[in-house]
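Just so we're clear, the structure is a prediction, and the values are computed from it rather than from any experiment.
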Amino acid sequence: MRISWEIALNEEYVEEACYYLSTLNVGRKEIASSFGLDENQVENAIKSYKEKIDSGSATFEEDAKEFWARSYKESSGDERITLVDDKGRYYHGWKSELESLSSEQIVELLVVNKQYSDKHPLSEFSKGETIIGYDPLVPLRNIRRTVQFLEELLERKEHVPGDK
């Protein structure tokens with residue numbers, strides 16, 4: 001899985017990415033594979049960026065760490081999905097996080113999200129294909145996709161012996 005971004009990755013971006021991914025316990029081999037580097041290059045990039053932080057020419061930033069974590073997850077095939085809580089507030093989660101939930105927890109999420117998407121005043125309009133250009137129904141369409149994913153996930157879990 002190669003990370004492919006539109007921007008050109010210069011040396012500092014690579015160093016920053018390698019450093020932050022290493023703090024997230026991503027293996028050197030996985031980092032190397034993502035950036036088309038060898039493990040020695042990854043090790044040198046991590047060391048170089050750590051030296052920059054230690055010398056004060058760079059600072060450790062939680063936002064940057066979160067950015068690289070999110071980018072790595074997405075490049076690994078994990079997908080950020082839209083959910084809604086029982087009060088109708090939108091929030092986001094990762095498919096990998098949902099896959100680790102119990103069947104009961106999945107059912108709870110499924111019920112809340114399905115009720116919201118079915119009772120929404122624009123529900124009927126969100127069932128069709130997306131209109132080219134601006135689409136005010138994107139959040140509702142995302143909830144519908146989440147409901148479909150939760151239904152599929154629950155069905156897979158129900159067919160696995162020993163999972164509850």
Side-chain angles (χ1 to χ4, degrees), residues 1-7 9 13-14 16-37 39 42 46 60-164:
M1 83 197 107
R2 274 183 102 83
I3 296 176
S4 59
W5 289 295
E6 301 276 329
I7 60 171
L9 292 175
Y13 284 129
V14 172
E16 180 182 282
C18 291
Y19 175 77
Y20 284 115
L21 291 174
S22 73
T23 66
L24 295 162
N25 298 319
V26 176
R28 307 299 198 252
K29 191 174 192 173
E30 289 82 15
I31 296 171
S33 173
S34 294
F35 288 99
L37 304 171
E39 290 182 54
V42 170
I46 293 168
F60 183 90
E61 297 179 26
E62 274 303 315
D63 289 342
K65 182 179 176 180
E66 288 178 30
F67 168 80
W68 289 112
R70 197 172 48 250
S71 297
Y72 184 76
K73 272 186 163 190
E74 290 172 351
S75 73
S76 300
D78 203 352
E79 186 181 342
R80 194 173 134 190
I81 59 170
T82 304
L83 297 149
V84 67
D85 67 12
D86 57 350
K87 294 183 176 145
R89 296 177 295 208
Y90 291 100
Y91 65 99
H92 299 285
W94 293 95
K95 277 189 173 183
S96 61
E97 293 170 347
L98 295 178
E99 290 169 345
S100 66
L101 297 177
S102 69
S103 295
E104 290 81 16
Q105 291 169 314
I106 294 170
V107 168
E108 287 176 31
L109 283 174
L110 179 60
V111 167
V112 169
N113 283 271
K114 187 158 179 51
Q115 285 178 344
Y116 177 85
S117 64
D118 288 346
K119 291 180 181 178
H120 193 283
L122 300 173
S123 176
E124 287 304 311
F125 298 106
S126 70
K127 292 178 183 175
E129 289 298 313
T130 326
I131 300 167
I132 296 174
Y134 175 71
D135 184 6
L137 301 176
V138 167
L140 185 55
R141 287 183 202 283
N142 288 343
I143 295 296
R144 285 206 178 280
R145 281 186 37 229
T146 298
V147 166
Q148 182 179 2
F149 171 73
L150 290 170
E151 288 171 340
E152 292 166 2
L153 182 60
L154 186 59
E155 189 167 318
R156 283 196 312 261
K157 283 197 171 273
E158 293 299 311
H159 287 85
V160 175
D163 182 40
K164 293 185 176 183

Legend entry - Partner residues of K65 under the salt bridge (charged side-chain N to carboxylate O under 4.0 Å, His left out) criterion, sequence neighbours left out: none
Inset, instruction - List the steps, then state whether side-chain hydrogen bond (donor to acceptor under 3.5 Å, both in side chains) holds for S96 with D78. - result: CA-CA 6 Å; S96 61; D78 203 352; 2.5 Å; yes
Legend entry - Expected output: side-chain T146 to main-chain N142 donor-acceptor under 3.5 Å: yes
Inset, instruction - For the pair F60 and Y20, name the ring-plane relationship: parallel under 30°, tilted 30 to 60°, perpendicular over 60°. - result: tilted
Legend entry - Reported NZ-to-CD distance for the pair K157 and E99, which is rounded to 0.5 angstrom: 8.0 Å
Legend entry - Nearest-0.5 Å distance, CH2 of residue W68 to OG of residue S75: 10.0 Å
Legend entry - Straight-line distance of R144 CZ to S117 OG, nearest 0.5 Å: 4.5 Å
Inset, instruction - May I have the step-by-step check of side-chain contact (heavy atoms from CB on, under 4.5 Å) for L101 and L109, ending in yes or no? - result: CA-CA 10 Å; L101 297 177; L109 283 174; 3.6 Å; yes
Legend entry - R80 backbone acceptor or donor facing K73 side chain under 3.5 Å: no
Inset, instruction - Working to the nearest 0.5 Å, report the span between CD of E155 and CD1 of I106. - result: 12.0 Å
Inset, instruction - Test Y116 against every option in I143, D85, V147, L83 by the side-chain contact (heavy atoms from CB on, under 4.5 Å) rule and name the one that passes. - result: I143
Inset, instruction - Apply side-chain contact (heavy atoms from CB on, under 4.5 Å) to L98 and F149, showing your working. - result: CA-CA 10 Å; L98 295 178; F149 171 73; 3.8 Å; yes
Inset, instruction - Could you tell me if the ring centre of Y13 sits under 6.0 Å from that of F35? - result: no
Inset, instruction - To the nearest 0.5 angstrom, please state how far the NZ atom of K114 sits from the CG atom of L150. - result: 11.0 Å
Legend entry - L24 versus A69, closest heavy-atom pair with distance: CD1-CB, 3.4 Å
Legend entry - side-chain contact (heavy atoms from CB on, under 4.5 Å) between L153 and R156, intermediate numbers included: CA-CA 5 Å; L153 182 60; R156 283 196 312 261; 3.3 Å; yes
Legend entry - For T23, side-chain hydrogen bond (donor to acceptor under 3.5 Å, both in side chains) partners two or more places apart: none
Inset, instruction - Run the numbers on L37 and C18 for side-chain contact (heavy atoms from CB on, under 4.5 Å), then give the verdict. - result: CA-CA 10 Å; L37 304 171; C18 291; 4.3 Å; yes
Legend entry - Interatomic spacing from OH in Y91 to CD1 in I81 - rounded to 0.5 Å: 8.5 Å
Legend entry - Electrostatic pair E39-R28, nearest N-O below 4.0 angstrom: no
